[in-house]
Protein chains: 2
Amino acid sequence: MSNSRFPVSLHILTLLNEAKGAVVSSEYLAGSININPVLVRKEIMNLRKHGFVESKEGKGGGSFLAKSASDINLGEVYKSVRGSNVLGQSKNEPNPKCPVGRQINQHLDSLYSDAENALIANLSKQTLADFASKFE
Amino acid sequence: MSNSRFPVSLHILTLLNEAKGAVVSSEYLAGSININPVLVRKEIMNLRKHGFVESKEGKGGGSFLAKSASDINLGEVYKSVRGSNVLGQSKNEPNPKCPVGRQINQHLDSLYSDAENALIANLSKQTLADFASKFE
DNA sequence: TGTACTGTAATAAAAATAATTACAGAATGA
DNA sequence: TCATTCTGTAATTATTTTTATTACAGTACA
């Protein structure tokens with residue numbers, strides 16, 4: 001997973017929340033985040049797929065929150081963007097001839113998912129509304 | 001931070017634990033992990049700096065655990081290898097002209113360190129001994 | 001029907017990771 | 001003593017991942 005997807009998504013959501021329902025273009029979002037608009041649109045595609053935002057095509061189009069900020073949980077947002085695990089990829093290829101190498105991936109996986117669940121549980125204590133309130 | 005530093009370090013520590021005090025060469029470790037020996041030596045450098053392992057130079061040299069596996073806490077290991085934060089780098093450069101962009105990094109930082117602490121707390125529930133016992 | 005958007009693919013550039021090569025220095029033991 | 005086998009470390013190259021850019025079809029609006 002790209003290491004900046006979560007921050008970018010949260011930034012987008014925060015801006016959309018500021019907009020209070022108004023439609024915001026990817027160009028504008030990209031300007032605030034200071035990244036490429038295409039990347040913003042890709043991230044929005046994902047946020048839309050997960051029901052956090054909606055988009056409107058055509059002139060005057062753009063995106064807006066699909067639900068109330070207090071119904072958008074940061075743990076859910078995290079889950080929507082994380083591809084692989086946080087602690088390291090399990091796509092390493094340890095030597096199968098080594099007794100440790102042979103089975104380490106499965107143990108790492110369970111260690112990771114456990115730890116990641118703790119992280120998600122922590123993020124889940126906050127909603128977008130909580131986060132956005134810090135910008136007042 | 002390299003995303004594979006934690007798994008590599010844990011792999012090294014697990015192998016050293018298996019060796020029960022015997023000195024293990026970086027060549028051997030690299031063979032089991034299936035990565036370059038120089039990378040192993042770099043990781044060992046870090047583990048040594050944090051007091052987890054010791055090394056012996058010269059012929060017949062190598063590394064071994066500096067303390068009992070039950071005194072090596074996985075949360076500590078994680079902390080020793082993590083460079084930046086797990087959830088994303090804060091070295092993005094949001095647009096300072098945007099009210100959200102201007103202050104988002106500080107809010108992300110506190111969100112991250114909070115969440116990461118939860119992750120570390122989870123990892124800290126296990127020692128190397130606990131982890132290694134799974135390979136029996 | 002022109003304009004301003006999104007959606008999406010394809011490509012290129014940049015950055016981050018990992019591998020490789022190289023070699024000095026340390027410990028061992030014949 | 002000196003060849004051997006390690007570590008420590010720097011420098012370079014290769015690979016992979018991430019991000020930016022370019023391009024253009026499709027949609028909605030005025």
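The model shown is predicted, which means the values in this text are computed figures rather than measured ones. Lettering of chains follows the sequences in order, A, B, ..., and the numbering in each one begins at 1.
- Between the P atom of C:dT17 and the CZ atom of B:Phe6 lies a distance of 17 Å, rounded to the nearest Å.
- By the criterion of side-chain heavy atoms lying less than 4.5 angstrom apart, applied directly or through intervening Ile, Leu, Val, Met, Phe, Trp or Tyr residues, B:Val8 is grouped together with B:Phe135 in one hydrophobic cluster.
- Taking the six-membered ring where the residue is Trp, A:Tyr112 and B:Phe6 present tilted rings, their angle falling between 30° and 60°.
- Rounded to 10°, the helix from C:dT1-D:dA30 to C:dA30-D:dT1 has 0° between the axis fitted to its first five pairs and the one fitted to its last five.
- Rounded to an integer number of Å, the gap from CD of B:Glu43 to P of C:dA19 is 12 Å.
- A heavy atom lying under 4.0 Å from DNA chain C marks none of the residues of residues 8-21 of chain A.
- Cluster annotation: B:Leu47 and B:Val23 are assigned to distinct hydrophobic clusters (Ile/Leu/Val/Met/Phe/Trp/Tyr, side-chain heavy-atom contacts under 4.5 Å, transitive).
- Look at CD on A:Glu93: it is 14 Å from C1' on D:dT16, rounded to the nearest Å.
- At the heavy-atom level, A:Ser26 lies under 4.0 Å from the strands shown only through sugar-phosphate atoms.
- One can place CZ of B:Arg5 at 17 Å from C1' of C:dA19, the figure rounded to the nearest angstrom.
- Taking every heavy atom of both residues into account, A:Ala69 and A:Asn17 meet most closely at CB-OD1, 3.3 Å.
- Between B:Leu15 and A:Cys98, the shortest heavy-atom contact is CD2-SG, 3.9 Å.
- Within a 6.0 Å radius of CD in A:Gln103, other residues, nucleotides and ligands contribute more than 12 heavy atoms.
- The distance from atom CD of B:Glu27 to atom P of C:dT21 is 13 Å, rounded to the nearest whole Å.
- Following rounding to the nearest Å, A:Met45 (CE) and C:dC5 (C1') show an atom-to-atom distance of 15 Å.
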- Note on the structure: Given protein heavy atoms under 4.0 Å, the one-letter contact record of nucleotides 20-30 of chain D, with B base, S sugar-phosphate only and - none, is simply SBB----BBB-
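- A donor-acceptor contact closer than 3.5 angstrom links the side chains of B:Asp130 and B:Thr127.
- Under 3.5 Å, the side chains of A:Ser55 and A:Ser63 contain a donor-acceptor pair of N or O atoms.
- Contact check, B:Ser25 against D:dT5: no side-chain N or O comes under 4.0 Å of OP1 or OP2.
- At whole-Å resolution of the value, NZ in A:Lys49 and P in C:dT8 are 10 Å apart.
- Note on A:Leu13 and A:Tyr28: same hydrophobic cluster, where clusters join Ile, Leu, Val, Met, Phe, Trp and Tyr whose side-chain heavy atoms are under 4.5 Å apart, directly or indirectly.
- The two residues A:Leu123 and A:Leu74 make their nearest non-hydrogen contact at O-CB, 3.5 Å.
- Taking the charged nitrogens against the carboxylate oxygens, A:Arg5 and A:Glu43 do have a contact shorter than 4.0 Å, which makes a salt bridge.
- Here D:dG8 presents its P atom at 12 Å from CG of B:Leu47, a figure rounded to the nearest Å.
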